[in-house]
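Computed from a predicted model, the values in this text were never measured in an experiment.
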Amino acid sequence: MSETPANDAGEIVATVVRMLTAYQTRIADCSSKEIVFNLSSPYHMSATAWQQGGIAQHERTQVLARRLCNALDSLSESDLLSLDANAVTDLSWTLGPAANRDSDFFHAPLATSVLNTLAYVGDERVLRIVETLTGDAWAVKDYEKRMWQAARKCRDMIKSRMEHERERSTLLRPADSCSCDETSLLRPASGNSTHAVEHLLRSAGPGEKR
């Protein structure tokens with residue numbers, strides 16, 4: 001991740017968010033399919049898209065994918081941490097068309113960049129889809145291996161962050177009320193305590209030893 005001047009960081013993040021939205025729109029237009037949050041259903045160019053200059057449309061989509069990939073790689077760690085929940089969701093959806101090898105829009109470099117980003121900002125919502133990419137049986141080419149390695153790193157960092165949050169929540173949780181509370185500690189002893197005190201304090205009578 002590269003460092004960016006503070007005055008440019010906000011604009012770069014805003015540009016990435018706009019590109020994510022544009023990429024989603026382009027995929028939806030070309031596939032006539034709503035982008036869903038899984039990898040089980042490949043994205044294919046629709047018949048309508050092919051009739052309306054499908055090759056050119058497909059190439060424009062892949063050009064946008066390359067630009068988005070470069071934009072994500074330019075983000076610094078502080079830029080990444082400024083991405084909000086909606087951006088995290090959009091990033092996760094991007095894995096649908098980009099990370100599925102059977103998709104017409106398969107783009108391993110973009111998927112790798114998305115996984116590297118989610119390693120910093122992903123949460124339990126994206127863990128399932130990331131874990132589907134961690135098996136290495138399908139990784140043959142170098143760019144596929146890089147995507148697989150990014151998926152494993154992403155999974156491990158998300159799990160570590162979730163565990164840290166669980167530990168933090170446990171430490172901050174109020175302690176259960178103790179049976180020996182202040183009331184019980186301050187309560188006079190039961191039984192004949194008053195009688196015992198009086199007995200100890202009274203003057204010894206005739207014939208009694210002090």
Side-chain angles (χ1 to χ4, degrees), residues 1-2 12-13 15-28 30-31 33-44 61-62 64-169:
M1 303 290 175
S2 60
I12 292 175
V13 171
T15 298
V16 167
V17 171
R18 288 194 296 269
M19 293 176 73
L20 283 168
T21 301
Y23 180 75
Q24 278 195 347
T25 302
R26 172 65 63 180
I27 295 291
C30 289
S31 63
K33 173 181 177 180
E34 182 180 358
I35 294 183
V36 293
F37 198 55
N38 63 62
L39 294 175
S40 60
S41 180
Y43 289 78
H44 296 298
T61 303
Q62 296 302 76
L64 181 55
R66 289 192 289 273
R67 290 176 179 169
L68 178 55
C69 177
N70 292 334
L72 289 171
D73 289 344
S74 73
L75 296 178
S76 66
E77 184 173 341
S78 60
D79 296 334
L80 295 175
L81 295 176
S82 71
L83 294 171
D84 61 17
N86 290 332
V88 172
T89 299
D90 288 341
L91 283 164
S92 306
W93 284 342
T94 300
L95 290 175
N100 191 324
R101 289 190 305 159
D102 296 324
S103 168
D104 287 341
F105 309 99
F106 176 60
H107 199 288
L110 174 57
T112 300
S113 296
V114 169
L115 289 165
N116 287 335
T117 302
L118 289 174
Y120 288 89
V121 294
D123 51 32
E124 64 275 8
R125 294 175 301 158
V126 307
L127 190 56
R128 180 180 57 82
I129 192 172
V130 169
E131 285 186 322
T132 62
L133 298 171
T134 58
D136 61 350
W138 55 271
V140 178
K141 299 178 180 179
D142 287 343
Y143 59 79
E144 292 175 337
K145 292 178 181 179
R146 285 192 291 271
M147 186 173 81
W148 159 68
Q149 291 167 350
R152 289 201 164 186
K153 174 187 173 184
C154 180
R155 176 201 60 190
D156 293 344
M157 289 183 67
I158 290 175
K159 284 187 173 182
S160 176
R161 194 159 51 248
M162 290 170 60
E163 180 61 26
H164 176 74
E165 286 300 318
R166 278 195 294 267
E167 291 176 357
R168 182 173 176 272
S169 298

**Message:** I want to check something: taking the side chain as every heavy atom from C-beta on, are V130 and L115 in contact at a cut-off of under 4.5 Å?
**Reply:** yes

**Asked** Between R66 and H107, is there a donor-acceptor pair closer than 3.5 Å when you use the side chain of the first and the backbone of the second?
**Response** no

**Asked** Does any donor atom in the side chain of R18 or T21 lie under 3.5 Å from an acceptor atom in the other side chain?
**Response** no

**Item:** Contact check, side chains of P42 and F105, non-hydrogen atoms, under 4.5 Å
**Value:** no

**Message:** Take a 6.0 Å sphere around CZ of R67 and say whether it holds more than 12 heavy atoms from other residues, nucleotides or ligands.
**Reply:** no

**Request:** State the CG-CE distance between D90 and M19, to the nearest 0.5 angstrom.
**Result:** 13.5 Å

**Prompt:** Are any side-chain N or O atoms of R155 and backbone N or O atoms of E131, one a donor and one an acceptor, separated by less than 3.5 Å?
**Reply:** no

**Asked** If you take all heavy atoms of H44 and D102, which pair is closest and at what distance?
**Response** CE1-O, 3.0 Å

**Message:** For the CD1 atom of I12 and the OG atom of S82, what is their distance to the nearest 0.5 Å?
**Reply:** 10.0 Å

**Request:** For a side chain to side chain contact (heavy atoms under 4.5 Å, CB included) with L91, tell me which candidate from N86, L68, T117 qualifies.
**Result:** T117

**Message:** side chain to side chain contact (heavy atoms under 4.5 Å, CB included) for F106 and N100? Distances and angles first, verdict last.
**Reply:** CA-CA 6 Å; F106 176 60; N100 191 324; 5.7 Å; no

**Request:** Return the minimal non-hydrogen interatomic distance between G96 and Y43, and the atom names on each side.
**Result:** C-CE1, 3.6 Å

**Request:** Would you check if the side chain of Q24 reaches a backbone N or O of L20 as a donor-acceptor pair within less than 3.5 Å?
**Result:** no

**Request:** Check T112, N116, T94, L110 against L72 for a side chain to side chain contact (heavy atoms under 4.5 Å, CB included) and give me the one that passes.
**Result:** L110

**Prompt:** R125 and T89: side-chain donor and acceptor closer than 3.5 Å?
**Reply:** yes

**Prompt:** Do you know which two heavy atoms are closest between R161 and A119, and how far apart they sit?
**Reply:** NH1-O, 2.8 Å

**Request:** First locate atom OG1 of T61, then atom CZ of R26, and finally report the distance between them rounded to the nearest 0.5 Å.
**Result:** 5.0 Å

**Prompt:** When rounded to the nearest 0.5 angstrom, what is the spacing between NZ in K141 and CZ in R101?
**Reply:** 9.5 Å

**Item:** Test item: W148 and L133 side chains (from C-beta on) under 4.5 Å apart, heavy atoms
**Value:** no

**Request:** Take S76 and D79, measure what side-chain hydrogen bond (donor to acceptor under 3.5 Å, both in side chains) needs, and give me the verdict at the end.
**Result:** CA-CA 5 Å; S76 66; D79 296 334; 3.0 Å; yes

**Message:** Would you compute the distance between atom CG of L118 and atom OG of S92 and round it to the nearest 0.5 angstrom?
**Reply:** 4.5 Å

**Prompt:** What is the distance from atom CG of L64 to atom SG of C69, rounded to the nearest 0.5 Å?
**Reply:** 11.5 Å

**Prompt:** Taking it one step at a time, do I158 and D123 satisfy side chain to side chain contact (heavy atoms under 4.5 Å, CB included)?
**Reply:** CA-CA 6 Å; I158 290 175; D123 51 32; 5.5 Å; no

**Asked** With a 4.5 Å heavy-atom cut-off, do M162 and S160 have their side chains touching?
**Response** no

**Message:** Can you tell me which residue among L83, L80, D84 is in a side chain to side chain contact (heavy atoms under 4.5 Å, CB included) with V13?
**Reply:** L83

